[in-house]
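Just so we're on the same page: letters track the sequence lines, and every chain starts at 1. Just the heavy atoms: all of them, side chains too, but no hydrogens, waters or symmetry mates, feed the values below.
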Number of protein chains: 2
Amino acid sequence: MTPQVNENRTDVIDLENKIRSANLRPTRQRISLAKLLFSEGNRHITAEKLHGEALGKGVKISLATIYNNLHQFTTAGLLREVVVDASKSYFDTNVEPHHHFFHEDRGLLEDISSHRLTVDDIPNLPEGTEISSIDVIVRLTKRK
Amino acid sequence: MTPQVNENRTDVIDLENKIRSANLRPTRQRISLAKLLFSEGNRHITAEKLHGEALGKGVKISLATIYNNLHQFTTAGLLREVVVDASKSYFDTNVEPHHHFFHEDRGLLEDISSHRLTVDDIPNLPEGTEISSIDVIVRLTKRK
DNA sequence: CAACAGATTAGAACACTTCTAAAGAAGAAA
DNA sequence: TTTCTTCTTTAGAAGTGTTCTAATCTGTTG
């Protein structure tokens, strides 16, 4: 019983619980994805990139499953989808309210914690609506 | 020489000048598009919708031309592209700095004039970058 | 273990966008 | 005007990211 084995075992149990908390069965594929997504710091990743990463680590999983699970995790509040690019979706493992820098040249997202950028004077909402979310994207290019 | 005829003639000349100001030739297709886009108030429209609208008004124009011109107009600063949906692009005829309400259920954009919503405390930018734009999208759903 | 609901999968299908290369139209020069 | 060049348009093919389908497999419950 080395500490390492303990750590790994605990991690997997935590991830399984996280998956169960979303009313989903902890399958081999979901556990592998959760490991990639949640085990080190916040990530911003696209479906195809995550698929590549999984295959690269020897996890056998289809692209359809990646999409299925990214959406299920998002619905369950484990992920948040960030719309910054008209052609692909990014998924963010940080589900706390916050905003983003988007490096347009590199297609890379970076968090801005929401107490470091505030939105004021939000006007009255149109009749019969409520806010679902407020997205602030500060788009960046290389300084000339 | 009725006022109407005058107005129409003047309109078209204005639109031609607008197109020329972007270093583009005022072709029949461009003038028709400019008429649809710029002749009454601000609009937020997708390529396919604009195509449908043009065909509906009897303007013979291909979808490729719609895309070509939306991009050329955008590059020239006559339009602004708004990213709110991961699967299609919206083009906004209002090129002044401003923000948006996005009605998620209807796929509809609405302007928020920028003096009615302000962004404060923008943090220091990452090294070597500069701001290309700041997009604020207030996503709305139907009030329950 | 059996039985069932939920999950995964390969590949087809889909929606939006871009590309291709050939034909057409606009503007400049003579 | 005619000619020449460059820009523009076009239909359809191709491309890209995503979703669908329906057959197979797996986790869970009794």
Please report, rounded to the nearest Å, how far the [atom2] atom of [N] is from the [atom1] atom of [X].
X	N	atom1	atom2	answer
B:H51	C:dT18	NE2	P	15 Å
A:F91	D:dG17	CZ	P	14 Å
A:E16	D:dT28	CD	C1'	13 Å
A:I31	D:dG27	CD1	C1'	11 Å
B:I45	C:dC16	CD1	P	14 Å
B:R30	D:dC7	CZ	C1'	8 Å
B:K49	C:dA15	NZ	P	14 Å
A:D85	C:dT17	CG	P	12 Å

OP1 or OP2 of [N] less than 4.0 angstrom from a side-chain nitrogen or oxygen of [X], does that happen here?
X	N	value
B:R28	C:dG24	no
B:N69	D:dT9	yes
B:S62	D:dT10	yes
B:H71	C:dT18	yes
B:S89	C:dT17	yes
A:R20	D:dT28	yes
A:Q29	C:dT9	yes

Selection from [options] that lies nearest to any side-chain heavy atom of [X]:
X	options	value
B:Y67	C:dA10, D:dT6, C:dT18	C:dT18
A:K88	C:dG11, D:dG17, D:dG27	D:dG17
A:N68	D:dG27, C:dT17, C:dT9	C:dT9
A:P26	C:dT17, D:dG27, D:dG12	D:dG27
A:Q72	C:dA10, C:dA7, D:dT8	C:dA7
B:T27	C:dC16, D:dT9, C:dT9	D:dT9
A:R25	C:dA7, D:dT8, D:dT18	C:dA7

> Are B:E16 and B:R20 ion-paired here, with the side-chain N under 4.0 Å from a carboxylate O?
Replying inline: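 Judged by the 4.0 Å cut-off on N to carboxylate O distance, B:E16 and B:R20 do form a salt bridge.
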> Parallel, tilted or perpendicular: which fits the ring planes of A:F38 and A:F73, with parallel below 30° and perpendicular above 60°?
Replying inline: tilted
>> Tell me whether the rings of B:H71 and B:Y67 are parallel (<30°), tilted (30 to 60°) or perpendicular (>60°).
In response: tilted
> If you round to the nearest 0.5 Å, how far is CD of B:E127 from OG1 of B:T129?
Replying inline: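 So the gap between those two atoms works out to 8.0 Å.
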>> Would you say A:N94 and A:H44 are linked by a side-chain donor-acceptor pair, where the criterion is simply a distance under 3.5 Å?
In response: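 No, no side-chain donor-acceptor pair sits under 3.5 Å.
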> Does a donor on one side chain sit under 3.5 Å from an acceptor on the other, for A:D135 and A:H99?
Replying inline: no
Give one of base, sugar-phosphate or nothing for [X], where a contact means two heavy atoms less than 4.0 Å apart.
X	result
A:T65	base
B:I61	sugar-phosphate
B:K60	sugar-phosphate

